[in-house]
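There's a structure below that I have some questions on.
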Amino acid sequence: MKQDKHGKNHKFGMVVDLDKCTGCGSCMVACMSENNVPFKEDESNKKDSLTWMRVYKITNGKSFPETEICYMPRPCMHCGGKGDHGHSPCVSVCPAVATDYDHSSGIVSQIYTRCFGCRYCMGACPYHARYFNWWDPKWPEGMESYLSPDVSPRMRGVVEKCSFCFHRYQEARDLAYVEERDDIEEQEYQTACTQACPAGAITFGDLNNPDHAVSQLVEPDAHNCGKPKNPKAFRLLERLQTNPKVYYVSEREWVRKAGDNYLDGEWEKVKNNHGKDHG
Amino acid sequence: MKIDRRSFLGLGLGAAAGVAVSPATWKLMDDSSIWTQNWSWTPVPRDGEVTFDNTVCSLCPGNCGLSVRKIDGRPVKIEGRADYPVNTGGVCLHGVSGLQYLYDPSRIKTPLKRTGDTFEAISWDDALELVATKLAEIKDAGKADRIACVTNHGVGTIPGLFGRFVKALGSNNVYAMDTMDKTWEKTLEKMHGVHGTLGFDLENSDFVLSFGTGLIEGWGSPVSNFKANSSRKERGATLVQVEPRLSNTAANADTWIAAKPNTEADLALGMANVIISNNLYNTGYYVSGFGPGFDELTAMLKENYSPEAVAQTTGIKAAVIVDLAKRFVKAGAPVAIAGKGKGATPGSMREFAAVHLLNCLAGNINTKGGAWILSPQDYDQWPAVEMDDAASEAIEKPAMDPAGSVAGFFAKAGADKSVEALLISDANPCFALADAQAVTKAVQDIPFVVSFSSFMDETTQLADVVLPSHTFLERTEDLPSGAGMARRVTGLAKPVIDPVFNTKNPGDAILAIAKAMEGTVGDSFPWESYEECLEAVTGDLWSDLSDQGYAAVQETPPATRPSVDFTFVAQNPAPIAAEGTEADFALILVPLDNVRIAAGSIASSPFAVKTVADTVLLGKDVLVEMNPETAKANKLSQGDLAVIETPRGKATVKVNLFEGIMPGVVAMVKGLGHAMDENRYVNGKGVNINELMGPVMDADSGLDAVWGIRAKISKA
Ligand code: SF4
Ligand code: SF4
Ligand code: SF4
């Protein structure tokens with residue numbers, strides 16, 4: 001387990017600026033292309049459509065012309081669980097250790113060859129970030145030619161999900177090792193979705209590193225379950241204490257409110273409570 | 001169904017819940033997972049050396065720079081090229097999907113010749129010979145002026161070679177697909193007396209007033225617009241979107257103004273009236289450039305476009321109009337833009353002129369953050385075309401559509417059936433033009449159709465000879481910017497892989513045909529290959545193109561200050577209404593451009609289709625968007641099957657309720673409903689909206705002017 005020069009672990013995370021996101025879907029396709037995600041003739045049943053990154057559309061529910069919409073890209077949240085001890089909802093239930101929490105990077109791994117398809121993790125994940133391969137992947141004749149050797153294609157019967165492009169982390173680390181550097185630079189490890197986003201809505205980096213843009217954007221409070229100190233930032237279903245490493249930023253209050261479920265009147269009490277409440 | 005270990009274990013979520021607590025089971029499961037891990041039929045991609053190749057995307061007019069990651073020479077991933085001046089690293093989902101086009105097994109793999117209802121594979125030599133002979137026959141019969149070509153874009157050397165070839169034969173019938181650029185050209189001719197097109201310096205503007213342009217729906221050069229839009233917050237810039245439905249652009253804008261469909265021109269004229277009557281127009285350097293018609297314009301606006309009158313027409317409150325006009329003209333670098341949706345259709349000249357009037361009044365012509373009048377692209381310098389007597393005589397006959405509209409050309413071709421031969425390159429008019437059925441009929445009536453295409457699209461299916469083209473990843477091609485970009489960048493696409501199938505660069509195919517025809521036609525094409533031609537005609541630009549993969553031609557506003565002629569607007573041209581009567585068709589159907597769906601000459605890739613929401617495409621059904629109020633009035637609810645009918649056609653659709661669309665307006669996405677048998681990912685999915693639309697030609701521009709058509713809808 002490699003640690004950086006401060007002797008601290010990395011905690012890779014993502015910040016999505018929902019006011020910049022245009023819902024264009026580049027991130028979804030960049031992810032599919034990077035990670036050898038297969039596709040079927042009909043993908044309109046979204047429950048069995050493998051989309052490691054899925055862009056949801058939410059609305060404020062008001063009628064014309066007060067209506068507003070917002071797109072919300074959803075990769076795997078790479079939850080660290082309370083205190084970042086690695087008790088992610090999925091990791092806690094996997095009987096085969098096919099999904100695990102990597103303390104050196106904060107990434108929730110998925111080892112396809114260990115997974116035997118019980119799908120407990122899918123039931124446990126509150127973000128629907130996990131997908132089951134109901135069929136063997138099949139590429140139209142000749143299209144296998146574009147598959148990348150960096151990510152192994154999955155087979156029927158296993159669960160898959162966003163890996164924060166872990167292979168890119170490995171590559172960056174290998175390079176640093178060869179060049180005898182202690183650690184990798186912020187720009188050396190960027191995910192495919194971050195790179196592709198034409199709106200620059202996604203920022204990726206080490207939440208533990210105060211020099212990285214992600215920590216500056218959300219100011220995660222390490223003593224408070226990673227809660228953002230930035231009042232415009234939030235995480236999805238934060239109150240479940242899954243401690244996700246994907247943060248969202250929006251100027252719009254209704255968008256921030258949509259990040260969790262609140263009882264009537266409850267939002268007013270908690271909305272400015274960032275950094276104080278420990279759940 | 002075969003029940004193997006893995007699928008058995010996978011039958012029910014939690015099927016093994018009870019037993020999983022004992023360590024024995026744990027061990028067993030671990031073993032079983034190891035035992036089941038190797039599946040011979042799951043591909044194991046070959047590893048190898050990693051390299052990167054730069055090229056330029058031509059799937060849309062954006063022409064983004066791409067970086068293609070290759071492993072052992074095999075392209076595996078497309079990314080945006082970080083040092084490319086258009087997209088600086090960003091890329092849209094169609095560009096990322098490029099490899100799916102490259103390896104698409106439904107691509108045309110070899111030249112084809114029609115025999116009856118089927119195609120027969122033939123050799124390149126035979127195919128080229130066949131085309132050359134047939135065209136020579138037509139020319140020798142004195143009908144060279146009845147030969148036409150339709151290319152996707154109008155600029156660059158591949159369209160240039162097509163145009164030159166048809167000219168050398170003796171015909172003026174050279175067309176590119178109609179886009180907003182054509183309407184801008186006509187507008188500039190009328191308002192400034194110049195030949196050129198308009199670019200918008202969005203990245204430097206602090207107040208963008210968009211009249212239905214889908215800035216983040218894929219308008220113009222999509223990624224460059226995404227970037228400009230995204231930096232708005234940091235730059236303190238404002239975006240106001242005028243549109244009857246909450247598009248992504250409207251949702252992302254600072255202000256959304258829901259004007260009734262096709263009243264954008266009225267709103268712009270109302271704003272102009274506020275600006276002029278309050279003496280807010282730019283009185284600095286620019287007013288001296290105000291040419292004829294300003295007094296007439298002032299009087300006309302005063303009489304017809306008071307805020308109250310415009311409020312009536314547009315449904316927008318008078319106070320909002322006044323406020324918007326003031327905010328616009330007082331901004332530091334305001335710019336008003338027109339060209340609806342992706343800008344892939346022309347539009348009404350009244351509307352474009354009214355919108356451009358705002359630019360003129362704000363004095364932002366050829367300024368930083370404003371609207372730039374760009375002279376026509378002319379970096380490609382061609383030697384004179386050689387013509388024999390027959391060609392010289394034929395070329396005297398005018399083009400079938402004097403306005404240069406491809407819609408007009410097909411209307412004429414369909415009506416008088418006088419076209420003898422049609423060459424089509426990279427374009428799919430039978431799908432992409434309004435009233436697709438009529439265009440299809442017109443093409444069917446042409447005795448000899450040659451399609452230069454990579455895919456068996458709707459138009460290619462009707463061809464007599466199919467000459468398969470390289471995809472953009474296999475070809476060399478210069479790709480000049482346009483499509484509303486202010487800065488000028490010309491990119492060079494370079495092959496990142498040897499051709500996957502037996503295809504050619506369409507430039508080489510046309511050279512070969514010309515050579516086979518010999519005489520002056522052959523003499524007009526002195527180059528051995530397309531690449532040689534490209535290098536020769538791009539002249540000064542070539543070294544930059546070949547060294548960097550692009551040439552930045554112009555980065556700063558043009559120095560000229562063309563004067564403004566207000567006469568056209570001052571005449572108060574009449575609005576062009578959507579086709580159909582309100583009595584028969586109570587609703588208005590507007591097309592909806594969705595950035596995730598390719599709506600032009602190419603069909604969407606499997607990846608792109610996969611990203612489409614189930615509120616847009618469900619199974620094979622397209623969903624039509626309507627306000628719950630509209631649905632109620634038509635006795636429809638969410639998910640209902642319904643029949644939508646317009647004066648041009650009817651289709652079965654499903655209903656999707658959306659609060660963000662104006663009551664009385666229904667919207668349907670463009671780009672679905674392909675009939676491409678071999679491509680299961682798009683074939684028969686949804687309805688082609690162009691089968692429900694009809695062109696309404698604008699007398700002033702000769703171009704299709706409407707965005708939408710009257711419609712009615714009822715439960716199926
Ligand atoms: S981080 Fe990588 S794996 Fe995760 S959504 Fe983005 S591209 Fe996909
Ligand atoms: S690529 Fe960026 S802008 Fe597009 S949907 Fe994804 S996050 Fe949003
Ligand atoms: S925006 Fe256009 S040019 Fe750019 S990547 Fe997408 S399709 Fe290609």
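As a basis for the values below, the full set of heavy atoms in this structure was taken, side chains included, without hydrogen atoms, waters or symmetry mates. Sequence lines set the chain letters: A, B, ... in the order given, protein chains first and strands last, and positions in each chain run from 1.
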- For B:V50, is it the side chain, the backbone, both or neither that has a heavy atom under 4.5 Å from a heavy atom of chain A?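 No part of B:V50 comes within 4.5 Å of chain A.
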
- Item | Largest heavy-atom contact set with chain A, pairs under 4.5 Å, which of B:R232, B:R680, B:R596 |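 Option with the top pair count is B:R596.
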
- Residues in residues 188-196 of chain A near chain B [non-hydrogen atoms, under 4.5 Å]: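 If one takes a 4.5 Å heavy-atom cut-off, the residues of residues 188-196 of chain A near chain B are A:A192, A:Q195, A:A196.
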
- Item | Results of salt bridge (Lys or Arg N to Asp or Glu O under 4.0 Å) for A:E171 - residues two or more places apart only |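 Listed in chain order: nothing, the list is empty.
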
- Task: List the steps and the verdict of side-chain contact (heavy atoms from CB on, under 4.5 Å) for A:F39 and B:Y681.
- Result: CA-CA 10 Å; A:F39 51 89; B:Y681 301 94; 3.6 Å; yes

- Query: By a 4.5 Å heavy-atom criterion (distance strictly below it), what part of B:D614 contacts chain A: side chain, backbone, both, or neither?
  - Reply: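 It is both, since atoms from each part get that close.
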
- At a heavy-atom separation under 4.5 Å, does A:C21 approach chain B through its side chain, its backbone, both, or neither?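 Backbone only.
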
- Item | Portion of B:L618 that has a non-hydrogen atom of chain A nearer than 4.5 angstrom |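 For B:L618, backbone and side chain are both near chain A.
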
- Message: A side-chain contact here means heavy atoms from C-beta on lying under 4.5 Å apart; do A:V29 and B:K610 qualify?
- Response: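 No, side chains not in contact.
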
- Message: Report which part of B:A613 has an atom under 4.5 Å of a heavy atom belonging to chain A: side chain, backbone, both, or neither.
- Response: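 Only the backbone of B:A613 comes within 4.5 Å of chain A.
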
- Does the separation of the ring centres of A:F64 and B:W256 fall below 6.0 angstrom?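 Yes; B:W256 has its ring centre under 6.0 Å from that of A:F64.
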
- Item | Where at least one partner belongs to residues 64-82 of chain B, residue pairs that pass salt bridge (Lys or Arg N to Asp or Glu O under 4.0 Å), sequence neighbours excluded |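 Every salt bridge (Lys or Arg N to Asp or Glu O under 4.0 Å) pair that includes a residue of residues 64-82 of chain B, provided the two are not neighbours, is A:E34-B:R69, A:E34-B:K77, A:D150-B:R69, A:R168-B:E79, B:R46-B:D72, B:D53-B:K70, B:R69-B:E79, B:K77-B:E79, B:R81-B:D83.
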
- Message: Counting heavy-atom pairs under 4.5 Å with chain A, which one of B:L99, B:V595, B:L246 comes out on top?
- Response: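 Option with the greatest count: B:L246.
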
Show me the donor-acceptor pairs, under 3.5 Å and distance only, between side chains in residues 656-665 of chain B and residues at least two apart or in other chains.
unit_1: B:N656; atom_1: OD1; unit_2: B:Q638; atom_2: NE2; d: 3.1
unit_1: B:N656; atom_1: ND2; unit_2: B:T615; atom_2: O; d: 3.4

- Measure distances from B:D47 to the heavy atoms of chain A and classify the residue's part below 4.5 Å as side chain, backbone, both or neither.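 Both parts, heavy atoms under 4.5 Å.
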
- Query: Would A:Y146 and B:Q100 count as having a side-chain donor-acceptor pair, cut-off 3.5 Å?
  - Reply: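 Note: A:Y146 and B:Q100 side chains meet the donor-acceptor criterion.
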
- Item | Note, A:T51 side chain near B:T611 side chain (heavy atom, < 4.5 Å) |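 SC-SC contact between A:T51 and B:T611 ruled out.
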
- Query: So do the side chains of A:P153 and B:P45 get within less than 4.5 Å of each other, counting heavy atoms only?
  - Reply: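 The answer is yes, as the side chains (C-beta and beyond) meet within the 4.5 Å cut-off.
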
- Which bit of B:E217 is near chain A, if near means a heavy-atom gap under 4.5 Å: side chain, backbone, both or neither?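 Neither the backbone nor the side chain of B:E217 comes within 4.5 Å of chain A.
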
- Query: Is the shortest side-chain N to carboxylate O distance from B:E234 to A:K20 below 4.0 Å?
  - Reply: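 A salt bridge is present here (some side-chain N lies under 4.0 Å from a carboxylate O).
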
